Visitor: 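Okay, here's the structure, questions in a sec.
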Amino acid sequence: MRVVLLLIFSICLTANNANCRDSLFQKGVTELSLDNYKQARSNFLSDVEKKPSFVSFYNLGVASGNLENWSEARWAFESALKYKPSSDKAQFNAKFATQKMDEAATWTHPYPWTDRLILSFGYNLWLILALLSSVVLGIYAFLFISKRKVAPGVFKWLSRSGIIAVILLLVSFYGLYHINSHFNTPSYVIIKTNKTPYFITPNGVELDVQIPKGSRIRIVKESKDDWLLLQVPDRDQLWVKADQVFKY
Amino acid sequence: MVIFIVSFGLFGQDVFVDLEIEPKTVEVGQEFTITIKTNVEGDIDMNLPDEFIQSGMRQSGMSSSVEFIKGKKKVVRYSFQTFAGYFENEGEYLVGPVKVQAKKKVYSSDAYSVKVIKTQNMISDDPSKNMNQLIFGIIEQSKKEIYEGESVVLEGKVYSQVEILQIEDYATFKLDGAAEHRDLNKSNQVSTNYEVINGRNVQTFKIGKQLIFPEGVGTIEIKPFKTVIAYTGSHSFFPDRMKVISNEAKIKVKPLPAGMPKDFINAVGKFDVSTQIENPNLNQGEVVELKVKITGQGNLQNITKPKLNLPRYLSLYGDPEVEDEFSYCTLGAEGSKTFTYFIQVNTGGKVQLDPIKIAYFNPETKKYEQAEAKVRVLNVKSNSEDIEVESKEEIQKATTPEMQPFITEFEEEDVPNGWFSGWGGTALLFSPVMFGALLGGFVRVRKNNEQKNLEDKARVQYKQLALIELNSIEMIQDNEEEVTKLYQLFIDFLAQQFKVEKGTISRMFLKEQLNSGLSKASYSKIIRVFEEVDTIRYSGNLDNRDVRHLVDEVREVINSFEL
């Protein structure tokens with residue numbers, strides 16, 4: 001009985017969270033339509049913290065852009081691209097925000113075409129392919145180890161599909177691994193301000209370096225105590241405190 | 001091909017051949033009207049598709065209208081021909097052009113496409129519940145719930161259990177609230193059918209089909225339609241009459257959802273936008289005509305003008321001229337609405353206007369959707385007496401794009417779930433392979449054990465058989481035969497025990513078996529038996545020797561094999 005009550009309670013809690021999330025998004029949309037960009041930004045910031053998604057990041061970018069906070073807008077649009085790399089709207093707005101900070105700047109897609117290709121297949125498709133090929137290989141392993149006799153036609157089919165299944169399993173496993181790390185490991189930071197401090201080592205000596213606000217820098221490593229090692233183009237690597245930049 | 005002959009004077013008017021089709025979108029079997037108007041004298045040739053079925057009579061005559069030509073009133077006289085028809089299959093059919101062959105010249109009209117869509121499904125109350133009435137009417141409606149601005153089709157349907165002779169005094173249904181009504185069928189044109197309801201033949205007809213655009217939101221009641229039906233009386237030579245008042249119906253009008261885009265033009269339906277500039281090459285200070293054409297279906301009649309974002313050096317002259325080209329069908333108002341803006345250009349050089357954007361609500365997808373059209377670049381010849389030179393920044397402003405608008409609908413995304421991440425996920429993915437391998441291993445071990453058990457059983461059986469045969473060898477009186485059989489039995493037994501061919505059993509082989517589990521004692525006994533057998537067999541005086549002890553030794557060896 002106690003277990004049943006606990007289950008009902010947890011279902012209600014989940015439903016409540018889902019409603020809360022939905023209501024934050026809807027509130028944000030309503031505020032945007034009323035041109036209340038500050039309130040909209042606040043709603044979408046909470047929304048992306050609770051459950052990040054393409055639309056929440058994208059609308060956060062629109063709100064931030066309308067508040068002339070272009071570095072945050074760029075971060076939000078490029079974060080949206082993490083979820084839907086092929087979105088024309090997000091690409092347009094990311095470029096728009098970048099050029100609002102520096103008219104001469106050229107904007108490139110943060111993710112190479114290989115990443116976009118892998119992501120375009122979608123996580124579920126990779127998962128289905130991996131499971132299917134794993135099942136085929138499981139059957140193959142069973143027949144091989146158990147030395148069970150099969151009809152010659154079946155053996156021929158198995159030996160052919162076995163090679164394909166091995167390749168498919170490896171490729172789909174790579175696809176899944178890649179998508180998992182794409183979503184779980186931050187790849188870039190957007191510099192918040194021109195006065196962001198940079199260090200030689202975490203908590204070490206501060207460097208006399210200025211990177212323009214809104215620049216996109218690749219993350220090399222993330223330490224457990226919220227320090228990020230960045231690879232600045234044409235420079236050495238440097239450390240920055242995670243709260244001093246927008247990371248995605 | 002249809003050929004008519006027209007003859008009358010032109011009276012010096014400008015010649016014209018017009019083809020009018022009303023409506024241009026119809027349902028399968030729904031009538032539409034074709035009207036030809038011309039002031040040209042000659043043979044009329046019209047292209048009509050083979051699938052067109054003419055219904056009713058052709059009407060023709062003369063008419064005139066007053067038009068303003070160059071600021072003067074002029075009476076334009078023309079002949080006209082009108083006829084109706086329908087198509088029986090869905091599709092798009094090209095009607096026209098109409099060509100009038102005058103003395104040496106052929107005058108031609110435009111051709112139009114008629115779109116035939118499938119008949120709309122109508123929702124109504126169950127007629128079988130009214131079978132206690134001789135004649136009754138039910139209101140049919142295309143939808144029970146609509147969005148603000150969306151249209152609904154209403155139609156009356158009369159069911160009669162007696163033979164209908166005449167329909168009189170039809171009064172259409174009315175909405176309990178403001179609404180725009182458009183007739184889709186003429187109320188005096190009905191065709192009857194027979195249907196079987198509750199096992200009875202019922203004569204039915206539909207009447208007063210209307211397209212309604214309710215105004216406001218909430219639940220709106222549809223008041224009944226009324227009519228008088230004359231039918232065959234049972235007791236009188238003259239027809240009986242009955243007043244029929246239909247049921248009432250309701251329709252719920254929902255407000256449009258939140259998140260209305262700023263380019264929203266009050267349009268509900270499915271629309272597109274295109275632009276046209278008549279005079280893109282002009283002098284500074286001149287006025288350019290920008291035509292913005294909204295095409296589609298929905299509440300086209302009620303849409304508002306699209307907003308233009310013009311820089312300071314472009315000035316708008318008054319309100320745009322509006323030209324309507326749409327007709328009403330079951331999908332709403334279908335066609336186009338063109339807004340002509342008059343814009344004065346007060347700068348020189350190439351001028352690029354921002355794209356024209358419209359937003360509308362699509363009731364099918366239940367989302368706000370957008371459409372946009374680019375505007376042609378204007379080549380403006382600079383005026384030498386340039387009064388005001390616009391700064392470079394402002395010219396730039398005309399071409400600077402805006403941020404793409406926000407998104408109102410939340411969409412579920414295909415992102416990883418926690419189940420398949422990390423080592424746990426890897427193990428889960430490879431679990432079918434591992435499971436297959438483990439199961440295979442288990443099956444193999446089990447099979448090997450079964451094989452071993454069978455072999456052990458066979459060896460026991462063979463040992464027992466060997467011992468029984470040994471007993472029978474003991475009974476043989478002839479020494480030579482006894483020794484030969486004993487030798488064969490012993491070799492057979494050993495071959496069976498070591499799972500080899502009989503020819504393999506040799507002293508060398510047996511020595512090798514000392515490393516493979518054969519005890520030294522057993523080995524010595526076997527060798528001794530072999531040597532004794534050899535001695536007895538090849539010594540020459542076999543008959544006088546006692547070979548009984550050999551049998552005992554072989555028995556001892558056989559018994560010494562542990563299984």
Side-chain angles (χ1 to χ4, degrees), chain A residues 21-22 25-26 28-30 32-33 35 40 52-56 58-59 61-63 65-66 73 83-84 88-90 92-93 96-97 100 119 121-125 127 130-131 133-148 169 172-173 176-177 179-184, chain B residues 256-264 355 357 359 367-368 370 372 392-393 396 400-448 450-451:
Chain A
R21 194 226 156 282
D22 187 49
F25 176 80
Q26 286 305 334
V29 168
T30 309
L32 270 184
S33 60
D35 295 348
S53 67
F54 169 78
V55 276
S56 302
Y58 178 87
N59 283 350
V62 174
N66 279 296
Y83 295 86
K84 232 187 232 183
D88 291 338
K89 280 182 168 182
F92 180 90
N93 283 356
F96 186 85
K100 273 284 177 185
L119 288 163
F121 287 111
Y123 187 79
N124 290 336
L125 183 69
L127 191 61
L131 286 172
S133 51
S134 185
V135 166
V136 170
L137 285 176
I139 295 168
Y140 197 74
F142 169 75
L143 292 172
F144 182 76
I145 294 170
S146 68
K147 290 193 169 173
R148 188 167 270 227
L169 181 63
S172 50
F173 184 72
L176 284 174
Y177 169 79
I179 294 180
N180 265 322
S181 53
H182 173 84
F183 284 105
N184 298 324
Chain B
L256 293 178
M260 201 175 274
K262 66 176 180 180
D263 301 311
F264 187 61
K357 291 178 187 172
K367 283 180 185 173
Y368 288 103
Q370 287 183 312
E372 70 171 62
K392 195 179 177 183
E393 195 183 334
Q396 189 68 28
T400 304
E402 288 178 0
M403 248 194 319
Q404 294 289 312
F406 60 91
I407 299 168
T408 54
E409 290 292 320
F410 184 79
E411 288 167 16
E412 285 301 325
E413 283 153 9
D414 185 11
V415 290
N417 49 51
W419 287 32
F420 290 94
S421 57
W423 287 109
T426 311
L428 208 58
L429 279 181
F430 282 91
S431 59
V433 183
M434 292 187 285
F435 179 70
L438 281 173
L439 195 66
F442 173 73
V443 169
R444 189 172 174 175
V445 167
R446 205 173 148 189
K447 213 156 89 179
N448 287 346
E450 277 173 7
Q451 184 75 22

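Chain identifiers are assigned alphabetically (A, B, ...) following the order of the sequence lines, protein sequences preceding nucleic acid strands; residue numbering begins at 1 within each chain. Worth saying up front: this structure is predicted, and the values here are computed from it rather than measured.
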Visitor: Would you indicate whether the side-chain heavy atoms of Gln404(B) and Phe96(A) approach each other to under 4.5 Å?
Guide: no

Visitor: Could you tell me the separation between the CG atom of Leu439(B) and the CD1 atom of Ile139(A), rounded to the nearest 0.5 Å?
Guide: 11.0 Å

Visitor: For the atom pair OG (Ser134(A)) and CE (Met434(B)), what is the distance rounded to the nearest 0.5 Å?
Guide: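 Reported value, rounded in 0.5 Å steps: 8.0 Å.
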
Visitor: When heavy-atom pairs shorter than 4.5 Å are enumerated against chain A, which of Pro405(B), Gly441(B), Pro432(B) gives the highest number?
Guide: Pro432(B)

Visitor: Report the residues that fulfil side-chain hydrogen bond (donor to acceptor under 3.5 Å, both in side chains) with Asp35(A), sequence neighbours left out, ordered by chain and then residue number.
Guide: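 Only Tyr37(A) meet the side-chain hydrogen bond (donor to acceptor under 3.5 Å, both in side chains) criterion with Asp35(A).
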
Visitor: What residues form a salt bridge (charged side-chain N to carboxylate O under 4.0 Å, His left out) with Lys84(A), not counting sequence neighbours?
Guide: Glu411(B)

Visitor: Return the option, out of Arg444(B), Arg446(B), Lys447(B), with the maximum number of heavy-atom pairs under 4.5 Å with chain A.
Guide: Arg444(B)

Visitor: Can you say whether Phe54(A) sits under 4.5 Å from chain B via the side chain, the backbone, both, or neither, judging by heavy atoms?
Guide: both

Visitor: Hey, which of Asn93(A), Leu119(A), Leu137(A) has the most heavy atom pairs under 4.5 Å with chain B?
Guide: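 Looking at each option in turn, the highest pair count goes to Asn93(A).
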
Visitor: Under a 4.5 Å cut-off applied to non-hydrogen side-chain atoms, are Thr426(B) and Tyr177(A) in contact?
Guide: no

Visitor: Report the option among Gly138(A), Ala73(A), Gly28(A), Gly122(A) that has the most heavy-atom pairs separated by less than 4.5 Å from atoms of chain B.
Guide: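 When all of Gly138(A), Ala73(A), Gly28(A), Gly122(A) are compared, Gly138(A) has the most.
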
Visitor: Using a 4.5 angstrom heavy-atom cutoff, name the option from Val135(A), Leu125(A), Thr30(A) with the most pairs to chain B.
Guide: Val135(A)

Visitor: Do Leu169(A) and Phe430(B) have side chains that get closer than 4.5 Å, going by heavy atoms?
Guide: yes

Visitor: Which bit of Asn66(A) comes within less than 4.5 Å of chain B, counting heavy atoms only: side chain, backbone, both or neither?
Guide: both

Visitor: Taking the side chain from Asn59(A) and the backbone from Ile407(B), do they hold a donor-acceptor pair closer than 3.5 Å?
Guide: yes

Visitor: Working to the nearest 0.5 angstrom, can you tell me the gap between Leu131(A) CG and Leu428(B) CG?
Guide: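 Answer for the CG-CG pair, Leu131(A) versus Leu428(B), is 7.5 Å.
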
Visitor: Return the CE to NZ distance between Met403(B) and Lys100(A), rounded to the nearest 0.5 Å.
Guide: 8.5 Å

